Amino acid sequence: MADLTDPLAARREKLARLRAAGVDPYPPRFSRSHQAAEVLERFAELEEDASVRVAGRLQSLRPMGKTTFGHIEDASGRVQIYARRDQLGEKGYRLLKTIDLGDFLGVRGSVFRTRMGEISIRVEELVILAKSLRPMPVVKERDGERYDTFQDREARYRQRYLDLMLNPETRETFRQRSRTIAALRRLLDARGFLEVETPVLQLVYGGALARPFRTHHNALGLDLYLRIAEELPLKKLIVGGLERVYEIGRVFRNEGLDRHHNPEFTMLEFYWAYADYRDAMDLVEEMLRAVAREVCGGLEIAWGEHQIDLEPPFARRSMMELIREATGEQVLEQDAETLRATCRRLEAEMPPDASRGKLIEKIFDLAVAPALVQPTFVTDHPKLVSPLAKSHRDDPERLVERFELFVGGQELANAFSELNDPEEQRRRFEQQGALRAAGDEEAHPLDEDYLMALEHGMPPAAGVGIGVDRLVMLLTGAEAIRDVLLFPHMRPRTRGAAPAAPTDRGEA
RNA sequence: GCGCCAGUAGCUCAAUUGGCAGAGCAACUGACUCUUAAUCAGUAGGUUCGGGGUUCGAUUCCCUGCUGGCGCACCA
């Protein structure tokens, strides 16, 4: 005899009882006439009407002898069910004894309002649609107040399905994420951009300054990299004449993880022939406006204690000017030693091989970026850290035509007038090679295949990359990237030496 | 990778100076035909994260490992 105080054993025993009674605990389908929310919304026309058929997960159960109340929940919401023995019959009512919280049920019955005023379904037929064998955490609710909520962060990330079934705000966050991406796609489509897909597995990675993941192709006996950006293949499409292309895809960077970083994340990149980085700023402003309207219903967004205003136009400030205002330093004129000293003053010890460009970026990150709460385009970066950007029309020796959009102290977008001079591109790659030789593991590798494409001629073009996860964080007020990723990267769970399946509540 | 903090029943959390490991919810049994954190009576449930040490005695003190959270560093 199974120990019935063990919830797992108790549920398996009920499952066996159902099967013994000839009930299929996992029937193939159930046809619904209404969603839960519809029953509530259309109560006036449904009341005491024929029958509605609703299905969902059982979220609460209150048996009271010959009467039982409960709530079933579907994607639209939850509705109360009311079962009576005299209505269901002896046999039908006994089925309730084999039901647990978390089971999927289908009910048929009439809609009415209880004495306490809650719109409910008087159950005339009850069907088990899927027996649940593990107890889910129980969240109770009264007068809108929720008790014993499921808040353990680790469990929420590792078992997102529990988070989704128990926390409505989690469901809302991911709906907002989906709406954000849909809105971006709609806007680009409307502007004549073509959505494309480019390879994730690459022989030479590129398009950003970052360390890659490595993988291996067995049949070809070939080591490959997972892409760190979408950039280079997309620009080959510009060479090919597609003129306006974009990709929303996963990129992979082999770096540490924290509140703002996951090893794989979603990047939107678009490339726009015959436009420059200033045109791109206009379009990015419009994209943020469209997305904020769609997802937040307005252009004012709460961000911690601040209100962020996404009404265009955004501030456009040169990086060097911002650094000068914050530190008094004319960094563009200074040598590496002076820059390193400034870093030290800002409490960052930089590696001895760090280039001037990296040092300037660091100074910016420490002294300027955190204060950029309202949307700000930071423009005109040092050439050394921007190997794919076109030299600046006003200062071609030292600067490039580039912007990064900062909102809430975070970088949301990175863009430039694309470098389309193949000879200069080769020299920039070679310069990166020198940085790499000096120990910079993030320096951009030389890509002959890309250079060949450029030699065929690429029209002037603007290119933009937007960190979709961070955009969603901004729009949803999430403070960690994990809160906007359905399945954030987690260390594997191990028990002792042997790798084990993820632990689950109720596991012996 | 470094620093700080945490890990006790399925869940949320207690446990005095180092002295019998507890409560609520969930589970199980019973009562209850308009309840809603249903209520009432009862039952069961523990490798106190793993390993080692100190001690007559360790949830508690020490060492070590694992996992997580937060911060720093790197990156977007």
Side-chain angles (χ1 to χ4, degrees), chain A residues 2-11 13-14 59-71 78 80-88 93 100-102 112-118 120 122 134-143 145-155 157-158 162 166 208-211 228-229 251 253-263 265-267 347-351 358 361-362 365 369 404-406 410-414 441-442 465-471 473 479-482 490-497 503-508:
Chain A
D3 174 10
L4 290 184
T5 64
D6 172 358
L8 290 178
R11 285 178 183 233
E13 204 267 339
K14 286 174 184 168
Q59 287 279 14
S60 72
L61 193 66
R62 295 177 294 282
M64 311 180 42
K66 299 181 182 67
T67 300
T68 297
F69 287 90
H71 283 93
R78 54 174 70 183
Q80 180 164 264
I81 58 174
Y82 170 59
R84 294 166 59 105
R85 194 171 72 171
D86 58 11
Q87 200 134 25
L88 276 174
Y93 197 75
D100 293 291
L101 293 181
F112 74 111
R113 198 186 279 276
T114 64
R115 265 173 225 162
M116 299 301 288
E118 180 163 354
S120 307
R122 186 183 288 112
R134 283 179 188 269
M136 64 183 186
V138 175
V139 176
K140 300 197 169 187
E141 199 173 330
R142 177 189 220 172
D143 301 333
E145 190 102 8
R146 300 168 70 225
Y147 300 83
D148 298 323
T149 55
F150 179 66
Q151 289 304 330
D152 181 82
R153 295 178 88 87
E154 182 182 356
Y157 298 144
R158 285 190 194 275
L162 292 176
L166 297 169
L209 305 181
R211 278 154 38 196
I228 59 172
V251 300
R253 297 192 185 174
N254 210 337
E255 305 288 350
L257 23 166
D258 66 21
R259 200 142 53 91
H260 302 282
H261 299 87
N262 196 66
F265 62 102
T266 300
M267 181 107 100
E347 280 160 22
E349 199 54 52
M350 293 296 287
K358 284 231 160 193
E361 262 194 332
K362 189 75 207 170
D365 286 344
E404 291 176 291
L405 172 63
F406 282 81
Q410 273 203 127
E411 185 190 337
L412 268 194
N414 181 24
E441 288 182 73
E442 287 167 5
I466 295 178
V468 171
D469 313 278
R470 289 191 175 174
L471 177 57
M473 284 172 72
E479 51 190 40
I481 195 168
R482 285 175 162 182
M490 300 289 280
R491 271 177 225 246
R493 267 224 168 274
T494 54
R495 196 179 285 171
T503 55
D504 204 332
R505 56 204 69 241
E507 194 163 287

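Naming: A, B, ... by sequence-line order, numbering from 1 per chain. On a predicted model such as this, the values are computed, not experimentally measured, just so you know.
Spacing between atom CG of L8(A) and atom P of A44(B) amounts to 20 Å, rounded to whole angstrom units. One atom, CZ of R11(A), and another, C1' of A26(B), lie 10 Å apart when rounded to the nearest Å. We find that CG of L412(A) is positioned 10 Å from C1' of A76(B), with the value rounded to whole Å. What separates NZ of K362(A) from C1' of A76(B) is a distance of 13 Å, to the nearest Å. What separates CZ of R253(A) from P of A73(B) is a distance of 19 Å, to the nearest Å.
Centre separation under 5.5 Å together with a plane angle under 30° does not hold for the ring of F69(A) and the six-membered base ring of A38(B), so they are not marked as stacked.
When distances are taken from the side chain of T67(A) to each of G69(B), U33(B), C28(B), the shortest belongs to U33(B). Listed nucleotides C34(B), U36(B), U33(B) differ in distance to K66(A); the shortest reach to its side chain belongs to U33(B). Relative to the side chain of R62(A), the nucleotides U35(B), C34(B), C74(B) differ in distance, and U35(B) lies closest. For K140(A), the side-chain atoms get nearest to A37(B) when compared with the rest of C74(B), C34(B), A37(B). Of the listed nucleotides (G71(B), C74(B), C34(B)), C74(B) has the atom at the smallest distance from the side chain of E255(A). The side chain of M64(A) lies closest to C32(B) when the candidates are A76(B), C32(B), A27(B). If you check G68(B), G71(B), U33(B) against the side chain of R259(A), the one that comes closest is G71(B).
The base of C74(B) sits with one of its N or O atoms less than 3.5 Å from a complementary donor or acceptor on the side chain of D258(A). Under 3.5 Å, the side chain of E118(A) and the base of U35(B) form no donor-acceptor pair of N or O atoms. The base of U36(B) has none of its N or O atoms less than 3.5 Å from a complementary donor or acceptor on the side chain of S60(A). In this model, a side-chain donor or acceptor of R84(A) finds a partner on the base of U33(B) within 3.5 Å.
Counting any heavy atom pair closer than 4.0 Å across all strands shown, D86(A) reaches a base atom. Residue contacts shown for Q80(A) include a base, since a base heavy atom lies under 4.0 Å away.
A search for side-chain hydrogen bond (donor to acceptor under 3.5 Å, both in side chains) contacts involving H71(A) returns S60(A), E118(A), not counting sequence neighbours.
For K358(A), no side-chain nitrogen or oxygen approaches OP1 or OP2 of C74(B) to under 4.0 Å.
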